[in-house]
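Following: one structure in structure tokens, then a few remarks.
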Amino acid sequence: MMRKHSSHIEAGSSSCCSGTCYCSKKVKVTICVVIWTVIAVIVALILAVIIKAATLQELFERMELGARDDPVFMSATEQEILERSQRLVDAISYRTISFSGTNLSLEAMTDFGTFLERVFPNLHDSDFVTFTPINTYSRLYRIEGTEKTLNPYLLCAHMDVVPEGDFDLWTHDPFDAGIVTESDGQDYIFGRGAIDDKHAVLGIMEALEYKVVNKEQPKRTFYIGFGHDEEVSGYLGAAEISITLEKMLKDNGEELDFLLDEGMFVVADIIPGINVPLIYIGVAEKGWAVVDLDAEGDQVHSSTPPLESSIGILAHGVANMEDNKQPSMFGKGPEIDTLRYAAPHATFLLKMILGNLWLFSGLVSSALELSSQTDSIQRTTTAVTIFNAGVKENVVPSQAHAVVNHRIHPSDNLEDVLELDRENADRVKVTLRDSFPPSEVSSYSNDVIPFQIVVNSALEVFPDAKPVPGLMVANTDTFHYKNLTDKIYRFTPVYNLPEDIARFHGIDERISVDIYSKVVQFYYRLMVNADFDVKIAPTAQVEVKPEEVEEFLEILEESDYESPINNTDSNLLPLTKVMEESDENSANETDSHLMILQDIPEEPNENPSNETDSGLPPSQDILEEDFDAMPVNETYSDMLPLESAPKDLDLYDLTPEEETFSNRTID
Ligand SMILES: CCCCCCCC/C=C\CCCCCCCC(=O)N[C@@H](CCCCN)C(=O)O
């Protein structure tokens, strides 16, 4: 009876209860309503998905940082491009290999330093460039800007390289290949370090040398840090540079605005359906863990092998680790924005998927898993890098040892990673040897000027590519600089297809002459774009003559005011420092103004200054805006930041003399 009844319902429901049916009218209506509701929901979903895909907006909005449509580049005749390429070839010939933390190629590193000084003589001789050797081999440069109120930034790269690996697999000598024309007709600079990371070292030096030769002293002070042991964690290089730099910044009353290091790159054809190259900026970096795996068994004659040898136990554990990967964190880190930023440039089908991640995130996560490269952005990775056991072919060894290297996703944590390791390798001793956590995510919203500076510079050399923020899946020296700024970006404009990514630490590392030329221009444009600053409304600034500065300083000295120069918490350029510098510069004064603080509104109407990353709109916008809306503690402004000035300087509680002084308008 039941079977008969249900078959009638099925028959009826196929035409929505039309025709003969044993169920009551009420049931029929209910079934109809349910079916039509389901259909309506599905149609609405499909429509929503299509509409979302059709109306996807670019998430990156480019801010004008000056001559956007007509950027001025370094001159680059064929001869100049060739000479620059040849200098990179020469740089690669120095075997500055880091084998381990205790086995660095220090003699080669010394020679490499001498080489840099020889081929870039002007910058090393410049009045506005100061070079400080760090721990003998690493290098820190300070490039003095003409304007003191802009906070400096740091460009990083590293001079060491990993060993070439299997020499015989290289098509050309990894340290002596020169420029090679490949079958695609392009000229390539071959060798270890070509994209990791001597292209960046040389690119930065070329751009700076050019600026020095052409007397283009930057407005904004910046630093350059070249580490000599990045490939083995940077504890002798970047860590020491960071300590010295922190002191220099403090002595100069500066705060580091942002830093740019090696990292991600321009990548094409990595996601089927996205047919534009992506300028992939690393806004966060994975953590790192090294885990020792040890298995034990009986040491016996190989003619009577044990049921399970130490090698077998370890092999099972390792195989389990590879089979049961660490879980996907898709949607919990910057990878989601990589895809959201890329989505408007996808085919329509992919737009429907990427534009509706609320519905398709499981599908996307599974698709990312299909390639180890894309998979690396969504989970903690597990790489078995060392496996050792046995000494003789007829002795079953008692010990087997392996090493696993994890790169930890920002939303994962070490305890969970190790717990899964122990589950996977349950009969193996799992010991954590070394680790550091994932980085914070640096801000990349459209109003963050440092992010705009990096992206604009990249767009100027790769105008057809589209910027996306994302996760740096490997590690850099930036770990050592994390206390100096929260705006850390990891990128060099090397153009990579998926097959090229394997050249990092792999075989046949190379960079084309054409792309290397773009690398050089990128750093040059970055130095120009970083000089972008917001001009403040003329009514907000008053010039002060040196003698009046003296007078003001005397008044301050007589009062119980304490200099903020030694106040490490203040991100102000100390007022006294500005004054001293103004004094020094007054002879050839062009732009140096002192600001009278009470001319700046005490209570701005809308003060976005609590958002630490809020950047100012471009200068022309500021000039047009009601000045009341100016943020007060904005470091891009020419004005003296006010963040703690009223509190520290008591300027809102002036003595009569101070009042007289500060009310004067001096022309
Ligand atoms: C949707 C876009 C997906 C993009 C996927 C990109 C996959 C990228 C794959 C490889 C990236 C190679 C990055 C090369 C970085 C070179 C720096 C480096 O090797 N650093 C060392 C530092 C070692 C420090 C030890 N603590 C490293 O990470 O091993």
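We count ligands from 1, going down the list as the structure has it; atoms in each ligand are counted the same way.
At a 3.5 angstrom cut-off on N or O pairs, E230 counts as close to ligand 1. Between S376 and ligand 1, not a single N/O pair is under 3.5 Å apart. Looking at N475 next to ligand 1, an N or O pair under 3.5 Å apart turns up. Of the polar atoms of Y280, none of the N or O atoms is found under 3.5 Å from an N or O of ligand 1, judged by distance alone. Taking only nitrogen or oxygen atoms, main chain and side chain alike, T476 does not reach within less than 3.5 Å of ligand 1.
Residue, atom and distance of the protein heavy atom nearest to atom 29 (O) of ligand 1 are R407 NH2, 2.9 Å. The shortest contact between atom 19 (O) of ligand 1 and any protein heavy atom is with H505 NE2, 2.8 Å. Ranking the protein heavy atoms by distance from atom 11 (C) of ligand 1 puts V473 CG2, 4.0 Å first. With hydrogens left out, the protein atom closest to atom 14 (C) of ligand 1 is F504 CD2, 3.4 Å, a heavy atom. Scanning the protein heavy atoms around atom 5 (C) of ligand 1, the nearest turns out to be Q373 O, 3.6 Å. The nearest heavy-atom contact from the protein to atom 15 (C) of ligand 1 is M472 CE, 3.6 Å. Scanning all protein heavy atoms for the shortest distance to atom 6 (C) of ligand 1 gives M264 CE, 3.7 Å. The protein non-hydrogen atom at the shortest distance from atom 9 (C) of ligand 1 is I501 CG2, 3.3 Å.
Remark: K466 fails to qualify as a cation-pi partner of F60 under the 6.0 Å distance and 45° angle criteria applied to the six-membered ring. K482 forms a cation-pi arrangement with F479, by the criterion of a distance under 6.0 Å to the ring centre and an angle within 45° of the ring axis. K198 forms a cation-pi arrangement with F112, by the criterion of a distance under 6.0 Å to the ring centre and an angle within 45° of the ring axis.
Closest to atom 16 (C) of ligand 1 by heavy atom, among D196, T381, T374, is D196.
Taking 4.0 Å as the cut-off, F479 does not count as a neighbour of ligand 1 on heavy-atom distance.
Side chains of Q86 and D90: a donor on one and an acceptor on the other come within 3.5 Å. Under 3.5 Å, the side chains of T492 and E262 contain no donor-acceptor pair of N or O atoms. A donor-acceptor contact under 3.5 angstrom links the side chains of T380 and D412, judged on distance only.
Taking every heavy atom of W288 and a limit of under 4.0 angstrom, the matching atoms of ligand 1 come to 25 (C), 26 (N). Of all atoms in ligand 1, numbered sequentially from 1 with element shown, those under 4.0 Å from a heavy atom of F436 are 26 (N). Listed by number with element, the atoms of ligand 1 under 4.0 angstrom from any heavy atom of I271 are 1 (C). Here is the list of ligand 1 atoms found below 4.0 Å of a heavy atom in E262: 16 (C), 17 (C).
If you look at L278 next to ligand 1, there are no close heavy atoms at all, none under 4.0 Å.
Between D337 and R340 there is a salt bridge, with a side-chain nitrogen of the basic residue lying less than 4.0 Å from a carboxylate oxygen of the acidic one. A salt bridge links R139 with E117: the distance from a Lys NZ or Arg NE/NH1/NH2 to an Asp or Glu carboxylate oxygen falls below 4.0 Å.
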ask   = For F504 and F265, what are the C-alpha separation, side-chain angles and deciding distance, and is it a ring-ring contact (aromatic ring centres under 6.0 Å, His included)?
value = CA-CA 12 Å; F504 285 94; F265 30 73; 5.4 Å; yes
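The residue from E230, E285, H158 that alone fulfils the side chain to side chain donor-acceptor pair (under 3.5 Å) condition with T476 is E285.
Counting heavy atoms from C-beta outward, S439 and R490 have side chains that approach closer than 4.5 Å.
In this structure, the ring of F491 has its center less than 6.0 angstrom from the ring center of F522.
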